[in-house]
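On a predicted model such as this, the values are computed, not experimentally measured, just so you know.
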Amino acid sequence: MTDLPISAELISEQNDRAHEALEEDYAALSRKLSRRGINIAAVQQQVSDFSVAVPSWGAGRGGTRFAKFPIPGEPTNIHEKLADCAVIHQLTRATPRVSPHFPWDKVADYSALRQEAEAYGLGFDAVNSNTFQDQPGQAKSYATGSLSSTDAATRAQAVEHNIECIEIGQKLGATDLTVWVGDGTNFPGQQDLGRSLDRYLEAAAEIYAELPVDWRMLLEHKMFEPAFYSSVISDWGSSILAAQTLGEKCHCLIDLGHHAPNVNIEQIVARLHRFGKLGGFHFNDSKYGDDDLDSGSINPHQLFLVFNELVEAELHPRKGFNPSYMIDQSHNVTDPIESMMSSADAILTAYAKAVLVDREALHGAQEANDAMLAFQTLRDAYKTDVSPILAASRAENGGAIDMIGTYRASGYRDLKSQERVAVELGSGIV
């Protein structure tokens, strides 16, 4: 195995300083949970078993539609991205997979890339295609659409790219293809809304036909942007209809920031699970119309409610239930490594709290139409400080009790700022 980016000695030293306080907090929480009939060790094991992927592109600093402000030591290629992702997993012990994006992460030798990741203790998650952005030397432009383009040659090019992503994914050991398109319109009447969906479905069916036996196709919906009047796959209704049309191996992926403000996302989770089409999540957060804020930074309660439905789904799985979990956010004012560690912590916090929900009491209150008791049952779990469980899980698995403190003590970012070529100023999110 490759030497990991952060020294085990430093992690151990930092953990030793925090160990006594953690023991006290853990013991207090254990006593509190015991009074509710909950075994803290069992909850900790569930937390240890949970993991979420990180996006390769998330290792770099993003921006807005207007500008990007790079951070020193930012990665410029997939090899440097893997090193940064290894830091995140080393300290969190919860992010063992990296989701690559093509053509951004193209290399000549994918077998070697897979071995490189494995040396860091990482595997690859879903591969992501890119037909929302033109590339140098590209024959056809996606300016007016990709899979739903009115031009047959452009649709064929988009299909070919997705199939290439599947082929790359097989070499990397992935089993999911995530498809998000920016296709849509900015003016009423710009395109026929029905025929654009027909073209999308026809092209997507060609991609679906090339899926290996054990693969899934995950359709990601987004209400708006870059198209501001209509988007071809704009909501979960369009997504599930497309997934049902394409076939059993096609599922819906929920990006938490891709909805209108105040949409009941947890209900969408329940509905998609009911029909066996819940494929996974891209975790982030949103305040206005943005979609890439750090996970749990704005509405951690909503994240908890989403996980409440996911735990229900785990307890009552339907055929094919195997959600893919990934962080997907743009860190334009923070160190991306710190942001993704913070997000991983927020995601596991929401999961651990959902595990603590007294399901028997909740279901009883629901059947009795006791709204307040049902609400308070959820609220009791949400109010519980589960941070000692998460910290103990990290420590026992070789991670850091204080992730960000240990990361800063390592000087990793300063070191990389000296080793890596600086990223130039730019516009746009990537």
Identify all side-chain donor-acceptor contacts of residues 302-311 below 3.5 Å with residues at least two apart in sequence or on another chain.
{"from": "Asn308", "atom 1": "OD1", "to": "Arg359", "atom 2": "NH1", "distance (Å)": "2.8"}
{"from": "Asn308", "atom 1": "OD1", "to": "Arg359", "atom 2": "NH2", "distance (Å)": "2.9"}

Can I get a per-line list of side-chain donor-acceptor pairs under 3.5 Å for residues 201-210, giving both atom names and the distance, sequence neighbours left out?
{"from": "Tyr208", "atom 1": "OH", "to": "Glu248", "atom 2": "N", "distance (Å)": "3.1"}
{"from": "Tyr208", "atom 1": "OH", "to": "Lys249", "atom 2": "N", "distance (Å)": "2.9"}

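- With contacts defined as side-chain heavy-atom distances shorter than 4.5 Å, the pair Lys416/Val87 does not qualify.
- Partner His282 forms a side chain to side chain contact (heavy atoms under 4.5 Å, CB included) with one of Asp255, Ile327, Ile254 and no other, that one being Asp255.
- Judged as a side-chain hydrogen bond (donor to acceptor under 3.5 Å, both in side chains), and not counting sequence neighbours, Gln46 has no contacts.
- Using bins of under 30°, 30° to 60° and over 60° for the plane-to-plane angle, the ring pair Phe102/Tyr110 lands in the perpendicular bin.
- In this structure His101 satisfies the ring pair (Phe, Tyr, Trp, His ring centres under 6.0 Å) test together with Trp57, Trp104, Phe132, sequence neighbours excluded.
- There is a side-chain donor-acceptor pair under 3.5 Å between Ser324 and Asp125.
- The ring pair (Phe, Tyr, Trp, His ring centres under 6.0 Å) check on Phe375 picks up nothing, with sequence neighbours excluded.
- Electrostatic pairing of Glu118 and Arg114 counts as a salt bridge here, judged by a charged N lying under 4.0 Å from a carboxylate O.
- In this structure, Glu74 pairs ionically with Lys68, as a charged nitrogen and a carboxylate oxygen lie closer than 4.0 Å.
- A salt bridge is defined here as a Lys NZ or Arg NE, NH1 or NH2 lying under 4.0 Å from an Asp or Glu carboxylate O, and Arg199 with Asp192 fails to meet this definition.
- The aromatic rings of His273 and Phe321 sit perpendicular to each other, their planes meeting at more than 60°, with 30° as the lower class boundary.
- Atom CD of Glu419 is surrounded by more than 12 heavy atoms from other residues, nucleotides or ligands within 6.0 Å.
- A search for ring pair (Phe, Tyr, Trp, His ring centres under 6.0 Å) contacts involving His221 returns His259, not counting sequence neighbours.
- The closest side-chain heavy-atom distance from Thr95 to Met340 is not below 4.5 Å.
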